[in-house]
Amino acid sequence: MCGHSFTPIVFLPTGIQTCRNIFSLELGYRMNDNQIINHFPNHYELTRKDLLVKNIKRYRKELEREGNPLAEKSNEVPGRYIHLDFIPITFILPADYNMFVEEYRKNPASTWIMKPCGKSQGNGIFLINKLSKLKKWSRESKTPFNPILVKESYVISKYIDNPLLIGGKKFDLRLYVLVTSFRPLKCYLFKLGFCRFCTVKYDKNITELDNMYVHLTNVSVQKHGADYNNIHGGKMNLQNLRLYLESTRGKDITNKLFTNISWLIVHSLKSVSYIMAKKWSRESKTPFNPILVKESYVISKYIDNPLLIGGKKC
């Protein structure tokens, strides 16, 4: 090893608030080339529900203006993107309330799911199928739909009421992605992941709209259910899911499904890559240096039934 020198890499694991405090403009602290931190300063552009929706919508519009074929729309369903249709119809309340009402009235029998933008673990989530229920919630929570008065915003999305079920139960995928750079985008999908299951069989009957053991897969919700299993925690690993899908749907469709999941991960990250780097440079007053930051993201994903592959149902 004569003639070579090695600089140790210092990895700084920190909480989100700690990052904001350390790298604030007032403190002015900056990292050295041999230091790595585990959060991008403006990670919320991806992790907050409302900002993620805004960024994906903006990303699609930009591709559309450029004439990019990725932004091609369906002739059969007006306004639907063929290649980038991986988020349901979503609005941000209270700002988009009038647009939501207009969309709701096109199909009054539809079900919608409301989620607070800045919360996790299933907190504050509920389903509605009538405008009267939304107005009742607004009155009871004392947050009238006035952007000036409301402190907490919500996203409201058209509910996927025909999810893929296993054993009659709803589940989601929990995947892990490491992002080492946004410009250029460099990300790695961890090969291990798992499914989280509801403890009660799925039933889209309106009498079950308030039963979160039917609709939400969050362990923080399900662990309070009478049928929760403390041994396996209502989970199935990703490898077993693939084996199940290959045996019931075929290997080709299963491979296409997981390819599409990788596709939506990449384009979700691309939708925020520009603004992540731009905000870094503006707020820190230093050029974006992708070497200094690494961050892991947890991806949750529901699957339609029948499986939706490349805009076509299989």
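Note: hydrogens, waters and symmetry copies are ignored here, and every other heavy atom, side chains too, is used.
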Within a strict 4.5 Å, meaning less than it, do heavy atoms of the L70 and H267 side chains meet? yes
Look at atom CG of L243 and say whether more than 12 heavy atoms of other residues, nucleotides or ligands are closer to it than 6.0 Å. yes
Quick one: does L241's side chain get under 4.5 Å of F171's, heavy atoms only? yes
Determine whether more than 12 heavy atoms belonging to other residues, nucleotides or ligands lie under 6.0 Å from atom CD of E62. yes
Identify the two heavy atoms, one from L165 and one from Y244, that lie closest to each other, and give their separation to 0.1 Å. O-OH, 4.1 Å
Taking all atoms of both residues into account, what is the closest heavy-atom pair of D203 and V214, and its distance? N-CG1, 3.5 Å
Value for OG1 (T254) from CD (E246), rounded to nearest 0.5 Å, stands at 5.0 Å
Of the non-hydrogen atoms in P108 and K106, which two are nearest, and what is the gap between them? CD-C, 3.8 Å
What heavy-atom pair brings S271 and Y59 nearest, and what distance separates the two atoms? CB-CB, 3.6 Å
Decide yes or no for I87 and R60: does some side-chain heavy atom of the first lie under 4.5 Å from some side-chain heavy atom of the second? yes
If you define the side chain from C-beta out and look only at heavy atoms, does anything of L51 sit under 4.5 Å from Y44? yes
Would one find more than 12 heavy atoms of other residues, nucleotides or ligands at under 6.0 Å from atom CG of D252? no
Do F86 and S268 come close enough that some side-chain heavy atom pair is under 4.5 Å? yes
First locate atom CD of E103, then atom CH2 of W112, and finally report the distance between them rounded to the nearest 0.5 Å. 5.0 Å
Looking just at side-chain N and O atoms, do N129 and T111 make a donor-acceptor pair shorter than 3.5 Å? no
Assess the side chains of R242 and N255: does a donor N or O sit below 3.5 Å from an acceptor N or O? yes
So for atom NZ, which belongs to K61, do other residues, nucleotides or ligands contribute more than 12 heavy atoms lying within a distance under 6.0 Å? no
Hey, mind stepping through R196 and D172 against salt bridge (charged side-chain N to carboxylate O under 4.0 Å, His left out) and telling me if it holds? CA-CA 5 Å; R196 304 182 302 178; D172 75 350; 2.7 Å; yes
Is a side-chain donor-acceptor pair under 3.5 Å present for E208 with N211? yes
With distance as the sole test, does Q222 use its side chain to make a donor-acceptor pair with the main-chain N or O of T199 at under 3.5 Å? yes
I'd like to check P116 versus I125 (side-chain heavy atoms, cut-off strictly below 4.5 Å). Are they in contact? yes
Minimal non-hydrogen separation, S153 against I92, with atom names: CB-CG2, 4.4 Å
L131 reachable from L93 in the ILVMFWY side-chain graph, under 4.5 Å edges: yes
In this structure, CD1 of I128 is separated from CD1 of I113 (nearest 0.5 Å) by 10.5 Å
Between S74 and I82, which heavy-atom pair has the shortest distance, and what is it? N-CG1, 3.7 Å
Hey, is E64 close enough to K73 for a salt bridge, meaning N to O under 4.0 Å? yes
Spell out, yes or no, whether V177 and L52 are grouped together once hydrophobic residues are joined by side-chain heavy atoms under 4.5 Å, including indirect joins. yes
Going hydrophobic residue to hydrophobic residue with side-chain gaps under 4.5 angstrom, can you get from V221 over to L209? yes
Flag for N205-T207: side-chain donor and acceptor within less than 3.5 Å: yes
Roughly how far, to the nearest 0.5 Å, is CG of L185 from OG of S273? 6.5 Å
For residues F194 and M236, determine if any side-chain heavy atom of one lies less than 4.5 Å from a side-chain heavy atom of the other. no
Cation-pi check, K133 to Y104: give yes when NZ or CZ is under 6.0 Å from the six-membered ring centre and within 45° of the ring axis, no otherwise. no
Within this structure, what is the CG-CG distance for the pair L127 and D210, rounded to the nearest 0.5 Å? 8.0 Å
Residues Y159 and H215: side-chain donor-acceptor under 3.5 angstrom: yes
Can you check whether C198 reaches L216 side chain to side chain, under 4.5 Å on heavy atoms? no
Taking Q121's backbone N and O only, do any of them form a donor-acceptor pair with S220's side chain (distance below 3.5 Å, no angle check)? yes
Would the number of heavy atoms belonging to other residues, nucleotides or ligands and lying under 6.0 Å from CG of N75 be above 12? no
May I ask you to say whether R80 pairs ionically with D85, meaning some side-chain N is under 4.0 Å from a carboxylate O? yes
Can you hop from W263 to F258 via hydrophobic side chains spaced under 4.5 Å? yes
Treat each ILVMFWY residue as a node, draw an edge where side-chain heavy atoms are under 4.5 Å apart, and state whether L257 and I166 are in one component. yes
